[in-house]
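As structure tokens, the structure follows; a few thoughts come after it.
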Amino acid sequence: MIAKKIAVIITIIVWPISMLIAIDGSDFSIHLLTSMSVFITYYLYKRSYYLYHLPLLIIPFIDPKLALFPLIFLIIDLIIMGKSKTKFVVLLLFFAIIAIEWKSFSGQTIFIPDYEAKQEVVRNTQLYPSIFLARLFHNKARIVIDKFNNNFFALTDLNNYFFTFYPRRLTGNLNLIKYPFPAVLFLLLAIYGISKHKYNKFLVVITLSALLSLSVLSIFDLNDFILWIPINLAIIYGIKITNKFKYSSYIFIVYVILSLIELARIFAIKS
Amino acid sequence: MKKIFTVFFLVLIILITVITRYYKLGDIPSGLYLDEAEMGYNAYSILKTGRDEFGKPFPLVFRSFADFKTPVYVYSIVPLIPIFGLSKYTVRFPSFFFGVFTIIIFYLLVRKIAPEKYSNSLSLISAFLLAISPWHILFSRTAFECNIALFFLASGIYLFYKGLKSPAFLLFSSLFIALAILSYHAQRIITPLLIVALAVKHKQILFSKTHIKFLLAAMLLGFIILIPTLSIAFTPGFLARANGLNIFSRAIHVPEGFIKNYNGIISLFINSRWFLGMREFLSLYLSYFSPRNMFYLENFDLRTSYPSLSTFFLWQFPFYIAGLYWFIKRRGLGELKFLTLILLLLSPIPAAITRDPYSTIRSLQMIIPLTIIIAFGIIEFYDKLKNKIPKDFFQANIFKAALITVFILTTSYCLAKLFSSAIILNEFYRSGQWNYGFEQVSKTIVKLDQKLPVIFDNARIEPYSQLLFFLKFDPLTYQKNNFEVSQNDYYRNLNRVKTKYIGNIITRPINWEMDLIKEQYLIGDHLAISDGQIKDHNLTLVSTILYPDRSVAFVITKTNPQ
């Protein structure tokens with residue numbers, strides 16, 4: 001069915017086009033390469049290749065900010081999809097890579113000292129009648145936790161992906177158009193039916209590891225392109241579910257029209 | 001044993017509800033927001049003269065700042081003034097009162113509609129979560145119309161379900177539903193839609209021989225209660241809020257995403273109002289389900305959330321996600337599922353058609369389905385956990401002890417967090433948003449030389465309602481000395497007169513050329529009367545009112561014409 005195929009293609013191309021227009025070509029290629037390694041991993045997993053993790057090895061070398069991603073992936077993989085000797089060997093390899101990339105990675109995380117936040121902690125502490133109560137809610141650990149939460153909840157906000165973060169945009173973020181807004185319905189449908197997806201465990205592992213590794217960054221903008229593949233896979237699954245509906249072709253036609261307008265808007269904003 | 005536990009837990013919930021809402025009710029926030037003062041003074045004016053501040057006898061909606069406030073809250077303050085006097089406590093008391101009863105009604109409602117398996121646990125946990133909810137506590141401690149509307153809505157729904165068995169209750173349901181519509185603007189959209197949904201779902205019972213007479217009587221009763229309001233339903237005043245705030249209003253709102261200066265060939269599509277309007281509505285609608293808004297971010301309008309707290313506690317986030325998934329997937333939840341999902345889907349509509357991002361005021365009714373879903377998530381999680389615990393007596397007891405410990409720790413943490421955010425941080429950082437300082441200014445004004453005029457700058461603020469409130473100014477004198485519209489134009493003319501005369505006080509912008517010629521007092525915020533202006537204009541500093549964080553709220557000065 002042609003409308004369905006066009007729907008899939010438009011869904012996939014919006015984010016990279018939007019990004020390519022907004023940033024430098026060489027920067028874009030870095031983000032594209034990281035996403036491609038995620039895709040190859042998925043492909044190998046589908047093919048039941050037992051060393052499917054290996055493509056993730058290159059990510060820390062392409063983009064040191066994502067050095068934690070392969071490691072977290074493997075840890076969650078071990079928990080959800082079961083243990084194996086190979087995985088433990090790969091895990092050691094990931095640890096070694098992080099050690100190599102540590103210097104360039106650690107300076108870009110939420111763990112870097114924040115003088116202003118520390119001052120705020122001291123100021124707030126003085127407002128409380130009891131030091132215990134003050135320390136319970138205002139301490140140095142809370143600074144890092146707050147930053148983590150800020151990133152994590154921004155990354156799990158659907159408005160980020162479908163509505164350029166509107167109505168509560170992030171300052172210092174490009175707030176790009178990432179997906180045509182009606183695609184959110186396909187994603188919700190996919191989440192509803194995720195238990196029946198053949199590779200649902202892989203999707204959960206890759207999404208969770210991306211969310212966690214991005215949440216520890218001081219700025220995750222553009223690096224969140226690592227989520228491009230898992231979100232695409234989920235939306236395509238939603239499209240597949242929709243395809244079973246009686247009037248699916250009409251739904252796809254409306255979707256394509258709205259998506260084309262969204263696509264045109266990317267170019268109009270640039271011009 | 002189970003009954004004793006239920007009663008004990010219910011008493012505990014009510015105790016927590018009362019403590020969290022009543023503690024320093026009239027003192028914190030120590031400021032009185034202008035809408036609160038406006039409602040309080042209009043209630044005072046109705047009590048003393050039978051007319052509002054504009055001289056309108058018993059209005060159906062209160063003109064106020066030409067934003068036309070719904071009447072139920074104002075009238076609920078009237079009988080309290082002879083008992084408690086005109087004070088912050090009195091103005092906030094209806095919210096507290098209805099807030100407490102909302103928890104009880106919510107408990108009864110969930111108990112009534114939940115399947116037997118969940119009935120006891122879900123009603124108790126839901127009521128407990130609502131009792132400690134920062135969202136509900138905030139609105140129960142301050143004068144917000146939406147809070148009493150929530151009570152009437154929940155009561156109306158509960159009585160509707162009671163009415164399905166005993167049809168006489170349909171009459172009471174109708175009464176409460178009508179009051180919900182009269183209580184808050186957002187209810188004008190949600191309540192009719194909800195009633196239609198409930199009526200369609202239960203049409204067989206409602207149109208049966210036993211119910212039809214009561215149904216017609218209930219509809220008639222509701223209609224009669226709404227007649228006076230319906231009679232002004234198409235006046236500009238009644239529609240003022242809807243027209244002023246909605247995202248589809250062409251006159252005042254440029255749609256989000258509108259690309260200015262783009263004249264390309266496809267401009268017709270990419271800047272089309274239907275496309276951008278639909279996109280904006282969906283983005284606003286979806287934001288009401290976003291964990292980021294629910295569990296992490298404070299509100300855009302700083303007055304409608306507490307510092308460092310969102311609408312729900314952070315620990316409830318996993319239960320929301322899992323609860324929502326399980327709730328949608330689970331079969332056999334019957335009426336619980338129907339009502340929860342229909343309320344969940346309808347509730348954000350009035351909020352999503354307005355510009356404000358994540359308005360917790362307009363979407364307050366969403367607290368009912370969201371709390372049920374989080375409670376459901378907790379119960380399901382507990383069930384899954386319980387199945388993994390060996391049924392050995394010793395281990396079962398350890399499990400119970402661990403659960404009680406977790407419950408005590410969680411409750412203590414939530415109460416401490418509420419104290420931290422609502423009492424300490426809110427008072428320190430948000431006193432400006434709560435219009436702190438007018439009480440202190442009023443106390444100072446009374447001590448000034450009463451023969452001299454007082455000019456209160458209103459270039460950026462609207463000080464007259466708070467002055468009237470704290471000075472307990474005679475309503476009849478105020479009505480005589482001020483005119484904004486004729487009685488016939490009360491609901492039609494939206495023009496405002498900003499200069500107000502309150503005895504020797506005049507509220508208007510300071511005119512530095514004219515006002516220095518005469519000996520009088522000038523009052524304003526730190527922008528209206530800065531240190532430089534005091535020096536340049538040779539003013540005498542009479543008093544400075546400071547916010548709790550020691551920044552300047554108001555400056556009271558006297559001119560020296562010689």
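Numbers restart at 1 for each chain; the letters A, B, ... are given by sequence-line order, proteins then strands.
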* **Choice from B/Ser267, B/Ser421, B/Ser287 maximising heavy atom contacts with chain A below 4.5 Å** => B/Ser287
* Asked: Measuring heavy-atom distances to chain A, does B/Ile423 have an atom under 4.5 Å in its side chain, in its backbone, in both, or in neither?
  -> neither
* Structure fact -> Greatest number of non-hydrogen atom pairs under 4.5 angstrom with chain A, of B/Tyr358, B/Phe428, B/Phe275, B/Phe269, falls to B/Phe275
* Would you kindly check if the NZ (Lys) or CZ (Arg) of A/Lys4 is within the cone defined by 45 degrees around the ring axis of A/Phe252 and under 6.0 Å from the six-membered ring centre? => no
* Should the ring pair A/Phe137 and B/Tyr413 be called parallel, tilted or perpendicular, given that the plane angle runs from 0 to 90° and is split at 30 and 60? -> tilted
* To do: Would you please classify the geometry between the A/Phe186 ring and the A/Tyr255 ring as parallel, tilted or perpendicular, with 30° and 60° separating the classes?
  => perpendicular
* **Proximity breakdown for A/Leu258 and chain B, heavy-atom pairs closer than 4.5 Å** => both
* Asked: In terms of heavy-atom proximity below 4.5 Å to chain A, should B/Leu282 be classed as side chain, backbone, both, or neither?
  -> both
* Asked: Picking from A/Phe152, A/Phe162, A/Tyr166, A/Phe181, which has the most non-hydrogen pairs under 4.5 angstrom with chain B?
  -> A/Tyr166
* Structure fact -> Of the listed A/Asn150, A/Leu136, A/Thr164, A/Val184, the one with the largest count of heavy-atom pairs under 4.5 Å with chain B is A/Asn150
* Asked: Hey, what's the ring geometry for A/Tyr237 with A/His197, parallel, tilted or perpendicular (30° and 60° as the breaks)?
  -> perpendicular
* To do: Please flag which part of B/Leu276 lies under 4.5 Å from any non-hydrogen atom of chain A: side chain, backbone, both or neither.
  => side chain
* To do: May I ask you to check whether B/Tyr320 and B/Phe327 place their ring centers less than 6.0 Å from one another?
  => no
* Under a 4.5 Å heavy-atom cut-off, does chain A meet the side chain of B/Leu324, its backbone, both or neither? -> neither
* Is any side-chain heavy atom of A/Leu155 less than 4.5 Å from a side-chain heavy atom of A/Tyr161? -> yes
* Structure fact -> Max heavy-atom pairs within cutoff under 4.5 Å with chain B, candidates A/Asn124, A/Ile177, A/Ile269, goes to A/Asn124
* To do: Test the B/Lys417-B/Trp315 pair against the cation-pi criterion, namely NZ or CZ under 6.0 angstrom from the six-membered ring centroid and within 45° of the ring axis.
  => no
* Answer with yes or no after comparing the ring centroid distance for A/Phe225 and A/Trp15 against a 6.0 Å cut-off, counting only values under it. => yes
* Asked: What residue in B/Phe419, B/Phe317, B/Phe289 has the most heavy-atom pairs under 4.5 Å with chain A?
  -> B/Phe317
